[in-house]
Novice: 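My structure is below; once you've seen it, I'll send some questions.
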Protein chains: 2
Amino acid sequence: MAHLTVSVEYAIHSLLWLVDAETAPLSSRDLADFQGVSPSYLAKIFPKLEKAGIVKASEGVRGGYELARAPEDINFLQIVDAIEGRKPLFDCQEIRGRCAAFGELPPTWATRGVCSVHAVMLRAEKAMRETLAGASLRDLTQAVSRKAPPEFANDVKAWLGERVLRRAGKSSSSARLSSHGEDLS
Amino acid sequence: MAHLTVSVEYAIHSLLWLVDAETAPLSSRDLADFQGVSPSYLAKIFPKLEKAGIVKASEGVRGGYELARAPEDINFLQIVDAIEGRKPLFDCQEIRGRCAAFGELPPTWATRGVCSVHAVMLRAEKAMRETLAGASLRDLTQAVSRKAPPEFANDVKAWLGERVLRRAGKSSSSARLSSHGEDLS
DNA sequence: CATAACACGGATAATATCACTCCGCGTTTG
DNA sequence: CAAACGCGGAGTGATATTATCCGTGTTATG
Ligand code: FES
Ligand code: FES
């Protein structure tokens with residue numbers, strides 16, 4: 001867990017829209033266009049979530065992704081680990097064994113167990129991971145719905161629903177897909 | 001605080017030897033050779049600790065560094081911030097404002113305050129920082145002295161004392177500087 | 001059956017950071 | 001004055017991040 005990259009931001013925000021999605025599954029392209037991020041990059045992120053068992057993929061046309069578990073069983077730590085691959089916060093180089101006060105090879109007491117400096121870093125990483133594990137996708141959707149006005153959920157479903165209809169070939173109703181007057185050139 | 005780099009490991013281990021150092025000040029070169037790390041790289045780290053007020057520098061020959069405060073008043077968080085420069089754990093790109101359900105510019109409720117995803121990351125970073133702030137340099141020296149045999153402290157002082165004598169020009173007694181039979185070619 | 005829209009993986013490139021080296025300058029001791 | 005310091009800037013190779021493009025396989029639709 002070296003650093004929380006933008007891939008994590010893309011992933012969590014994408015998963016947010018998969019919760020309560022009526023028009024499932026949603027393609028990575030749909031989610032990218034909806035959020036205004038790079039489609040090709042988001043397409044590289046979802047296979048990681050799928051291998052971690054967080055989302056379920058369906059192939060072929062009309063395929064896409066849906067949540068593999070209930071949103072209360074998906075937490076931030078699982079998402080971060082799925083994407084960043086369990087990299088440690090601190091990468092100990094075992095300085096302690098190269099002390100010149102030792103001869104060629106250090107005594108056993110010096111290299112046994114975890115270095116006291118490293119132990120503090122491990123505690124810090126554990127505190128961070130526990131905080132991430134304590135935040136579920138369900139908590140996130142509740143926080144968002146407290147913030148957004150009630151009609152926003154309908155706008156989202158209208159936009160995504162229009163997307164699904166359009167790629168189904170029925171590309172007749174191409175205007176007025178959102179109550180905010182969005183059009184795509 | 002993007003990632004705890006090896007510079008942090010070098011810094012904390014170096015500061016460890018500055019606690020209870022009888023032959024003060026110690027040069028960055030002394031500390032690097034003693035620990036078996038790159039002298040030129042460690043020399044780039046100490047000015048950061050000096051600007052943070054953790055360490056006090058003396059210039060000229062026989063100069064070097066000593067702790068600027070008592071070791072119980074120096075914690076891991078101060079050292080990490082001094083070296084990594086307060087970089088955040090998570091760099092929010094404000095994805096939420098680019099949602100296609102909004103028109104050209106997003107409504108105020110969507111961009112006001114901190115994003116709910118970002119808020120979780122800030123809590124995780126806070127938990128990590130509090131753990132780091134709870135570990136002082138004094139705690140570290142106590143943990144090390146519990147681990148090392150009592151004669152080790154004498155070995156360290158002998159090696160560093162010999163180093164100070166040698167660069168003082170009195171380079172006659174160059175052998176048998178450690179009870180482990182260390183010699184430097 | 002042909003096509004188009006998917007997922008998936010590999011290759012590539014631009015940018016940034018990291019670990020590290022080298023140099024020159026000013027300061028201080030002997 | 002010379003040697004040993006601290007200090008700052010420039011530069012280098014390795015790696016990671018962000019992003020794009022392409023090819024392969026799968027599946028629904030016409
Ligand atoms: S040897 Fe790596 S942190 Fe001490
Ligand atoms: S917009 Fe950056 S974390 Fe939500």
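Being a predicted model, the structure only gives us computed values, none of them experimental. Order of the sequence lines sets the chain letters (A, B, ...), proteins ahead of strands, with each chain counted from 1.
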Novice: Please give, in whole Å, the distance from D/dA14 P to A/D91 CG?
Specialist: 19 Å
Novice: Measure all distances between protein nitrogen or oxygen atoms and nitrogen or oxygen atoms of nucleotides 25-27 of chain C, and list the pairs falling under 3.5 Å.
Specialist:
from   : atom 1 : to    : atom 2 : distance (Å)
C/dT27 : O4'    : B/E59 : OE1    : 3.3

Novice: For B/E94 and B/T111, does a side-chain donor sit closer than 3.5 Å to a side-chain acceptor?
Specialist: no
Novice: CZ/A/R146 to OG1/A/T141 distance, rounded to the nearest 0.5 angstrom?
Specialist: 9.0 Å
Novice: Transitively linked via ILVMFWY side-chain contacts under 4.5 Å: A/Y41 with B/V117?
Specialist: yes
Novice: Tell me if a side-chain donor or acceptor on B/E22 pairs with a main-chain N or O of B/K157 at a distance below 3.5 Å.
Specialist: no
Novice: With rounding to the nearest 0.5 Å, note down the distance linking CG in A/L42 to OG in A/S28.
Specialist: 5.5 Å
Novice: Taking the nucleotide of DNA chain D with the nearest heavy atom to each, does A/Y41 or B/K51 sit closer to the 5' end?
Specialist: B/K51
Novice: From CG of A/L42 over to C1' of C/dC8, roughly how many Å is that when rounded to an integer?
Specialist: 14 Å
Novice: Is the phosphate of C/dA19, meaning OP1 or OP2, less than 4.0 Å from a side-chain N or O of B/T5?
Specialist: yes
Novice: How many Å lie between CZ on B/R29 and P on D/dC5, as a whole number?
Specialist: 8 Å
Novice: Does A/Y10 put a side-chain nitrogen or oxygen below 4.0 Å from OP1 or OP2 of D/dA19?
Specialist: yes
Novice: How close or far is atom P of D/dG8 from atom CD1 of B/I45, stated in whole angstroms?
Specialist: 14 Å
Novice: Would you kindly give the CG-to-C1' distance between A/L49 and C/dC8, to the nearest whole Å?
Specialist: 14 Å
Novice: Which nucleotide in the list C/dA7, D/dG6, C/dC8 gets nearest to the side chain of A/S28?
Specialist: C/dA7
Novice: Please state how far atom CD in A/Q93 lies from atom C1' in D/dA14, giving the value in whole angstrom units.
Specialist: 14 Å
Novice: Report yes if a side-chain nitrogen or oxygen of B/S7 is closer than 4.0 Å to either non-bridging phosphate oxygen (OP1 or OP2) of C/dC18; otherwise report no.
Specialist: no
Novice: Out of C/dA7, D/dG6, C/dC8, which has the shortest distance to the side chain of A/E50?
Specialist: C/dC8
Novice: Going only through I, L, V, M, F, W and Y residues with side-chain contacts under 4.5 Å, is there a path from A/L122 to A/M128?
Specialist: no
Novice: For A/Q35 and A/L31, indicate whether the former's side chain and the latter's backbone hold a donor-acceptor pair under 3.5 Å.
Specialist: yes
Novice: For D/dT29, take OP1 and OP2 only and decide whether either is under 4.0 Å from a side-chain N or O of A/R62.
Specialist: yes
Novice: Between B/Y10 and B/F46, does the ring centre distance come in under 6.0 Å?
Specialist: no
Novice: For B/D33 and D/dA4, give me the distance from atom CG to atom C1', rounded to whole Å.
Specialist: 13 Å
Novice: A/L16, B/W109: one ILVMFWY side-chain cluster at the under-4.5 Å cut-off?
Specialist: yes
Novice: Would you compute the distance between atom NE2 of B/H13 and atom CZ of A/R98 and round it to the nearest 0.5 angstrom?
Specialist: 10.0 Å
Novice: Under 3.5 Å, which N/O atoms of the protein pair with N/O atoms of nucleotides 10-14 of chain C?
Specialist:
from   : atom 1 : to    : atom 2 : distance (Å)
C/dG10 : N7     : A/K44 : NZ     : 3.1
C/dG10 : O6     : A/K44 : NZ     : 2.6

Novice: Mind calculating the distance between NZ (A/K48) and C1' (D/dA19) to the nearest angstrom?
Specialist: 12 Å
